[in-house]
Amino acid sequence: MTKIKETISSIKSINPIFYEKAQNRLDNLTKPQGSLGRLEEFAQRIVAITENMNPVIDKKIIFTFAGDHGVAEEGVSLFPKEVTPQMVLNFIRGGAGINVLARHAGIEVKVVDIAVDYEFGNLDGLLHKKVIRGTKNIRKGSAMTRDEAIKCIEVGIDLADEYAKNGYHIFGTGEMGIANTTPSSAIAAIFSKRTVSEVTGR
């Protein structure tokens with residue numbers, strides 16, 4: 001069984017009893033019922049996922065996966081692909097928007113080189129997990145092979161497992177790569193079964 005299949009098979013349904021328990025506790029706090037809006041919904045989800053009425057989420061992390069996109073050669077971005085490694089360095093230095101927001105929320109940011117067409121060398125603060133040196137141009141064919149895609153997903157699984165074992169409780173993901181909105185739109189179109197024009201604005 002592959003790592004992806006093992007991971008999927010280990011995912012279980014949430015026990016609805018924990019939603020009820022969380023809602024009862026929220027309703028018995030000194031406040032009007034439902035007054036915290038979606039925060040109450042998030043609290044219920046965390047309780048149900050952890051099956052813990054007092055979950056701890058003090059260790060938080062965002063993985064920012066960096067990679068180049070072959071479709072950049074079609075001129076779909078305002079910037080050349082050389083900006084991707086520059087942005088990676090900016091993330092590592094803590095100068096990007098995600099760094100500011102993460103610091104405000106007490107969240108660690110880890111940058112992962114999974115597919116940047118650039119060699120960073122032994123750079124502190126960067127997780128070296130390169131699978132490929134950028135994808136191919138989706139206008140001309142497949143961006144990557146099935147095996148490459150599986151390896152990329154498995155990198156994410158391994159990181160989640162590793163950091164969970166080290167006491168991290170909540171994970172976020174992000175990505176960086178010049179021309180990234182084009183494959184994102186293509187994926188959104190496939191998943192939603194909508195046309196490219198429907199999922200893409202000006």
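Keep in mind that this is a model prediction, so the values were computed, not measured.
- Checking side-chain atoms of Lys59 against main-chain N and O of Asn166 turns up a donor-acceptor pair under 3.5 Å.
- Rounding to the nearest 0.5 Å places OG of Ser35 at 9.5 Å from CG of Leu26.
- Within a 6.0 Å sphere centred on CZ of Arg103, heavy atoms belonging to other residues, nucleotides or ligands number more than 12.
- A salt bridge does not link Asp113 to Lys129: none of the charged side-chain nitrogens sits closer than 4.0 Å to a carboxylate oxygen.
- Ile178 and Val111 fall within the same hydrophobic cluster, defined by Ile, Leu, Val, Met, Phe, Trp and Tyr side-chain heavy atoms under 4.5 Å apart, directly or through other members.
- Side-chain polar atoms of Tyr168 and Glu108 form a donor-acceptor pair below 3.5 angstrom.
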Q. Could you go step by step and tell me if Gln23 and Asp27 meet the side chain to side chain contact (heavy atoms under 4.5 Å, CB included) rule?
A. CA-CA 6 Å; Gln23 189 63 62; Asp27 289 345; 2.9 Å; yes

Q.
Quick one, Asp68 with Arg133, criterion salt bridge (charged side-chain N to carboxylate O under 4.0 Å, His left out). Give me CA distance, side-chain angles, the key distance, then yes/no.
A. CA-CA 7 Å; Asp68 280 301; Arg133 290 182 62 103; over 6 Å; no

Q) Run the side chain to side chain contact (heavy atoms under 4.5 Å, CB included) check on Arg146 and Ile150 step by step: do they pass? A) CA-CA 6 Å; Arg146 181 181 179 84; Ile150 287 171; 4.0 Å; yes

Show me, pair by pair, the donor-acceptor contacts under 3.5 angstrom made by side chains of residues 151-159, not counting sequence neighbours?
unit_1	atom_1	unit_2	atom_2	d
Asp158	OD1	Lys3	NZ	2.7
Asp158	OD2	Lys3	NZ	3.1

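- To the nearest 0.5 Å, the span separating CD1 on Ile114 from CG on Leu127 amounts to 10.5 Å.
- Pairs of residues two or more places apart, or lying in two chains, that qualify as ring-ring contact (aromatic ring centres under 6.0 Å, His included) and include a residue from residues 49-96 are Phe63-Tyr163.
- With Asn99 contributing its side chain and Ala96 its backbone, the two residues share a donor-acceptor pair below 3.5 Å.
- The closest side-chain heavy-atom distance from Thr182 to Ile138 is below 4.5 Å.
- Gly106 approaches Lys60 most closely through the heavy-atom pair O-CE, 3.6 Å.
- Annotation: side chain of Ile61 is not in contact with side chain of Val109 (no heavy-atom distance under 4.5 Å).
- His128 contributes atom NE2, which lies 6.0 Å from atom CG of Asn122 (distance to the nearest 0.5 angstrom).
- Using a 4.5 Å cut-off between side-chain heavy atoms of Ile, Leu, Val, Met, Phe, Trp and Tyr, with links allowed through other members, Met53 and Ile17 fall into the same hydrophobic cluster.
- Counting heavy-atom neighbours within 6.0 Å of Arg93 CZ, excluding the residue itself, gives a total above 12.
- Neither Val131 nor Met176 shares a network with the other; the hydrophobic side chains, linked directly or stepwise wherever heavy atoms of I, L, V, M, F, W or Y lie under 4.5 Å apart, form separate groups for each.
- With 3.5 Å as the limit, one finds no donor-acceptor pair spanning the side chains of Ser9 and Glu6.
- Surrounding CD1 of Ile49 are more than 12 heavy atoms belonging to other residues, nucleotides or ligands, all under 6.0 Å away.
- The backbone N or O of Glu198 sits less than 3.5 Å from a side-chain atom of Thr195, completing a donor-acceptor pair.
- Linking Ile, Leu, Val, Met, Phe, Trp and Tyr whenever their side-chain heavy atoms come within less than 4.5 Å leaves Ile107 and Val112 in two separate clusters.
- Residues Tyr118 and Val83 share a hydrophobic cluster, clusters being chains of Ile/Leu/Val/Met/Phe/Trp/Tyr side chains in contact below 4.5 Å.
- Across all their heavy atoms, Phe18 and Val47 have their closest contact at O-CG1, 3.8 Å.
- Side-chain atoms of Asn24 and Glu20 form no donor-acceptor pair, as typed in the model, at a separation below 3.5 Å.
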Q.
Assess the residue pair Ser192 and Val199 against the criterion (side chain to side chain contact (heavy atoms under 4.5 Å, CB included)); give the C-alpha distance rounded to whole Å, side-chain angles, the decisive distance to 0.1 Å, and a yes or no.
A. CA-CA 9 Å; Ser192 65; Val199 300; 3.9 Å; yes

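- Salt bridge status for Lys140 with Glu73: present, with a side-chain N to carboxylate O gap under 4.0 Å.
- A salt bridge links Lys31 and Glu40; the closest N-O separation between the charged side-chain nitrogens and carboxylate oxygens is under 4.0 Å.
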Q: Go through Ile92 and Leu123 one step at a time and tell me if the side chain to side chain contact (heavy atoms under 4.5 Å, CB included) criterion holds.
A: CA-CA 9 Å; Ile92 292 169; Leu123 182 62; 3.6 Å; yes

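- Rounding to the nearest 0.5 Å places CD1 of Ile132 at 9.5 Å from NZ of Lys130.
- In this structure, NE2 on His169 lies 5.5 Å from CG on Asp58, to the nearest 0.5 angstrom.
- Looking at every heavy atom in both residues, Phe171 comes nearest to Ala160 through CZ-O, 3.7 Å.
- Counting heavy atoms from C-beta outward, Thr135 and Pro183 have side chains that stay 4.5 Å or more apart.
- Note that the CG atom of Asn52 and the NZ atom of Lys21 stand 10.5 Å from one another [nearest 0.5 Å].
- Shown here for Thr84 and Gly67, the closest heavy-atom pair between the two residues is CG2-O, 4.2 Å.
- Inspection of the Glu51 and Asn15 side chains reveals no N or O donor paired with an N or O acceptor under 3.5 Å.
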